[in-house]
Amino acid sequence: MAQQNKETKRSRNTNGTNKNQKNKSKGKNELKKAAAEISDTAIYGKITPEKPQKSKKSGAKKSEKSKSQKSNSSKKQETKKSTKSNKSTTSKKSGGKTKNKITQPVRIISLGGLEEIGKNITLYECGEDIIIVDCGMAFPDDDLPGIDIVIPDFSYIVKNIDRVKGLFITHGHEDHIGAIPYLLKEVSLPIYGTRLTLGLVEGKLKEHGIQGDLRVCSPSDHVKAGCFDVEFIHVNHSIPDAVGFAISCPGGVYVHTGDFKIDSTPIDGDVMNLARLSELGKQGVTMLLVDSTNAERPGFTPSERVVGGTFENLFSHASNKRIIVATFSSNIHRIQQIIDEAVRCKRKVAVLGRSMINVVSVASELGYLNVPDGVLISIDMIRKYRPEEIVIITTGSQGEPMSALHRMAFSDHRNVDIGPSDLIIISATPIPGNEKTVSRVVNELMKQGAEVIYERMYDVHVSGHACAEEIKLIQTLTKPKYYMPLHGEYKHLVKNAKIAQSMGMDKKNIVIAQIGNVVEVSESGVKIIGSVPSGRMLVDGYGVGDVGNIVLKDRKHLAEDGLIVAVMTIDSVSGDILAGPDIVTRGFVYVRESEELIDEARRVICNVLDSYRGRDWPTIKQKVRDELSRYLYEKTKRSPMILPIIMEI
């Protein structure tokens with residue numbers, strides 16, 4: 001145990017002195033320029049490491065008597081109401097035995113992440129205190145034309161901000177941190193997370209010109225937030241520094257796994273802390289809240305090292321080709337394996353895509369990515385090397401229209417031209433809904449002669465989420481009284497609930513909630529007692545929430561049937577038509593090929609104006625719209641949007 005404590009203490013060195021020294025190279029300078037001066041110490045917006053109150057080592061030297069006195073004193077302090085409940089502190093203690101008795105009801109509210117992929121945010125309420133876990137975004141579906149991202153509705157948080165003691169982040173993926181800048185534009189609150197996670201958050205805040213109170217924590221740390229004690233527990237995921245939480249309060253102990261998998265051979269060598277979950281299970285866990293993303297998949301999720309073996313084979317067989325690998329920008333372990341293979345094959349590495357450059361820069365500076373000197377080069381320098389000397393790591397694994405890989409596929413990239421000398425590896429599985437866009441990109445790349453490795457042709461991708469057997473193992477270790485599936489579509493939540501039932505969990509102790517539901521846990525059981533304002537806020541450019549159903553309906557109408565603008569000038573006294581009507585169309589018909597249709601449309605408008613003399617312009621416009629719409633539908637079976645414009649003289 002002493003050795004384990006020493007290793008843990010060494011891993012918490014927030015200065016990262018030795019690792020940062022390795023990253024001072026020409027390649028890093030190129031990344032710094034490309035990343036638009038991303039901060040190298042992650043202190044923008046007041047990022048501060050949480051200081052431990054007490055040391056484990058010094059505590060070990062106490063006598064058994066002093067330990068007993070300290071324990072009794074601590075128990076008395078826990079029962080005393082804090083006079084400074086809105087101040088949060090951190091300690092490195094491992095925690096004592098926790099009773100499973102619920103002395104105060106706890107309410108759990110998910111404002112996102114249920115019946116959907118992304119937009120994860122969960123609130124815990126006990127008494128007058130609230131803490132928030134994660135604050136993510138989601139990408140728009142096809143039914144949201146023109147929308148950039150989707151974020152949660154923060155109205156309930158804004159209304160109760162005086163009760164909120166902090167925001168706790170499990171890891172640095174967009175679906176868990178992407179909405180933080182939008183939340184901080186409305187409220188101010190401390191944000192707790194690990195070094196890499198807050199480094200990525202810091203970069204997002206800098207893009208938005210926002211400062212935040214960011215507090216660095218490490219696995220095994222405890223943060224006191226009102227009546228809550230939040231313990232950070234290391235988990236494995238597709239990004240380093242991922243954690244789950246053990247949330248203790250008068251209402252019991254709640255284990256929030258976040259996104260996780262059980263990887264016995266992780267790239268960074270730091271396995272998930274299953275021992276701590278087992279300890280919590282022995283002490284008594286009130287509720288387990290579990291990632292449901294891969295609940296439908298049987299067995300275990302393969303280790304990330306499987307991908308490394310595939311990369312080794314593919315790189316070895318592509319000795320005379322340029323290699324381009326597309327993956328998620330936040331998958332730092334995957335990026336590390338690509339760089340390792342490039343170094344083994346004596347190739348230079350160029351990074352493409354704004355998000356990829358930002359993440360690689362932050363991860364390198366904080367010591368989570370090991371890049372030897374001279375390996376990284378600017379994308380502008382790739383023409384100075386032969387194809388077999390280059391590896392390009394790029395964004396675009398989901399076929400995003402503006403991504404670097406998409407622009408390469410359609411010959412629209414100014415630095416990279418695809419040809420027969422390229423091997424392209426798409427190291428990701430398409431997110432549901434993206435299959436067609438990914439397939440289109442693959443087809444275009446192949447048309448240009450490139451060899452493309454994608455989807456399940458080889459083991460070029462493994463998931464970062466737990467499959468069914470891993471979910472069962474977590475339930476076995478924690479032995480929860482109640483169970484709540486999180487993070488996934490409805491089918492995923494139901495499957496996760498069935499997994500719990502298969503392990504002997506009583507159906508009445510399992511709750512499948514919807515966004516906005518208030519789930520109350522008390523001595524009498526678990527139930528949904530109501531709901532709070534919730535939903536989605538649509539972000540379009542600089543606008544947040546200003547695009548609603550009416551605007552979306554108009555956008556869909558324009559996309560499906562086009563637009564007709566009818567302009568006319570009318571005498572204000574006599575009602576006679578002085579000019580027009582002129583008809584302008586967009587997305588409806590090509591005017592030069594439909595002159596007869598347009599001429600007849602003008603006659604329809606003139607007939608309406610002749611029939612309705614006067615100055616009741618709203619009524620006249622509506623009659624023009626109705627009659628013209630009826631005529632066009634009869635002739636074309638289309639219903640374009642019609643905008644009559646009447647100018648009065």
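As the structure is a prediction and not an experimental result, all values here were calculated from the model. Residue indices begin at 1 and follow the sequence shown.
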With side chain to side chain contact (heavy atoms under 4.5 Å, CB included) as the test, would you mind laying out the steps for Phe154 and Cys135 before giving the verdict?
CA-CA 10 Å; Phe154 298 128; Cys135 186; 3.7 Å; yes
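- Residues Ile338 and Val391 are in side-chain contact: their nearest non-hydrogen atoms beyond the backbone lie under 4.5 Å apart.
- Atom CD1 of Ile247 is separated from atom CZ of Phe228 by 7.5 Å, given to the nearest 0.5 angstrom.
- None of Asp259, Thr301, Thr293, Asn294 except one satisfies the side-chain hydrogen bond (donor to acceptor under 3.5 Å, both in side chains) rule with Ser463; the exception is Asn294.
- Pairing each heavy atom of Leu198 with each of Gly193, the nearest pair is CD1-O, 3.6 Å.
- Looking at Gln337 and Ile267, their side chains come closer than 4.5 Å, going by heavy atoms from C-beta outward.
- Ion pairing between a basic and an acidic side chain is recognised when a charged N comes within 4.0 Å of a carboxylate O; Lys165 and Asp129 show such pairing.
- Taking CG of Asp263 as the start and CZ of Arg305 as the end, the distance is 8.0 Å to the nearest 0.5 Å.
- The minimum heavy-atom distance between Thr122 and Ser110, with the atom names listed, is OG1-OG, 3.6 Å.
- Across all non-hydrogen atoms, the minimal contact from Val511 to Pro485 is O-CD, 3.3 Å.
- Across all their heavy atoms, His176 and Asn120 have their closest contact at NE2-ND2, 3.2 Å.
- Residues Leu369 and Val360 have side chains in contact (heavy-atom distance under 4.5 Å, counting atoms from C-beta outward).
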Between Asn273 and His234, does a side-chain hydrogen bond (donor to acceptor under 3.5 Å, both in side chains) hold up when you go through it step by step?
CA-CA 6 Å; Asn273 194 350; His234 175 72; over 6 Å; no
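- Counting heavy atoms of neighbouring residues, nucleotides and ligands inside a 6.0 Å radius, atom CZ of Phe139 does not exceed 12 of them.
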Residue pair Thr197, Thr194: steps toward the side-chain hydrogen bond (donor to acceptor under 3.5 Å, both in side chains) verdict
CA-CA 5 Å; Thr197 300; Thr194 53; 3.0 Å; yes
Please lay out, stage by stage, how Ser248 and Asp229 fare under the test side-chain hydrogen bond (donor to acceptor under 3.5 Å, both in side chains).
CA-CA 5 Å; Ser248 303; Asp229 178 272; 4.7 Å; no
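- Note that CD1 of Ile149 is 11.5 Å distant from NZ of Lys119, once rounded to the nearest 0.5 Å.
- Ring geometry, Phe245 versus His256: the interplanar angle falls from 30° to 60°, so the pair is classed tilted.
- Put simply, the side chain of Thr478 never gets that close to the backbone of Leu277: no donor and acceptor are under 3.5 Å apart.
- Comment: Glu304 does not engage Lys261 in a salt bridge, judged by the lack of any side-chain N to carboxylate O separation of less than 4.0 angstrom.
- The closest donor-acceptor contact from the side chain of Ser427 to the backbone of Val460 lies under 3.5 Å.
- Heavy atoms of other residues, nucleotides or ligands lying less than 6.0 angstrom from CZ of Arg354 number 12 at most.
- Note that CD1 of Ile131 is 10.0 Å distant from CG of Leu167, once rounded to the nearest 0.5 Å.
- Taking OG from Ser534 and CG from Asn517, the interatomic distance works out to 8.0 Å, rounded to the nearest 0.5 Å.
- With 3.5 Å as the limit, one finds a donor-acceptor pair spanning the side chains of Tyr483 and Asn496.
- Counting only heavy atoms from C-beta outward, the side chains of Glu186 and Ile161 never approach each other to under 4.5 Å.
- Between Ile262 and Glu470 the shortest heavy-atom distance is N-OE2, 2.8 Å.
- Taking the six-membered ring where the residue is Trp, Phe168 and Tyr192 present parallel rings, their angle staying beneath 30° rather than reaching 60°.
- Between His465 and His492, the distance separating the two ring centers is not shorter than 6.0 angstrom.
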Starting from the C-alpha separation in whole Å, work towards a yes-or-no answer on side chain to side chain contact (heavy atoms under 4.5 Å, CB included) for Leu183 and Ile157.
CA-CA 9 Å; Leu183 176 62; Ile157 297 175; 4.2 Å; yes
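- Val544 places a side-chain heavy atom less than 4.5 Å from the side chain of Ile151.
- Counting only N and O atoms by type, the side chains of Thr265 and Ser303 include a donor and acceptor under 3.5 Å apart.
- Once rounded to the nearest 0.5 Å, the distance linking CG of Leu352 with OG of Ser329 reads 12.5 Å.
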Arg276 and Glu231: side chain to side chain contact (heavy atoms under 4.5 Å, CB included), yes or no, with the steps?
CA-CA 10 Å; Arg276 180 55 184 153; Glu231 178 184 357; 2.7 Å; yes
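- By the 4.5 Å heavy-atom criterion applied to side chains, Leu123 and Ile108 are not counted as neighbours.
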Test side-chain hydrogen bond (donor to acceptor under 3.5 Å, both in side chains) on Arg334 and Ser238; report intermediate values, then the result.
CA-CA 8 Å; Arg334 187 76 46 82; Ser238 54; over 6 Å; no
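- Between Glu174 and Lys204, the closest side-chain pair of non-hydrogen atoms falls below 4.5 Å.
- Contact detail for Asp134 and Ile121: the closest heavy-atom pair is O-CG1, 3.2 Å.
- By the 6.0 Å contact criterion, NZ on Lys159 is open, its count of non-hydrogen atoms from other residues, nucleotides or ligands being 12 or less.
- Between His173 and His237, the ring planes lie perpendicular to each other; the angle is over 60°, past the 30° to 60° tilted range.
- The side-chain heavy atoms of Gln398 and Phe328, taken from C-beta on, include a pair separated by under 4.5 Å.
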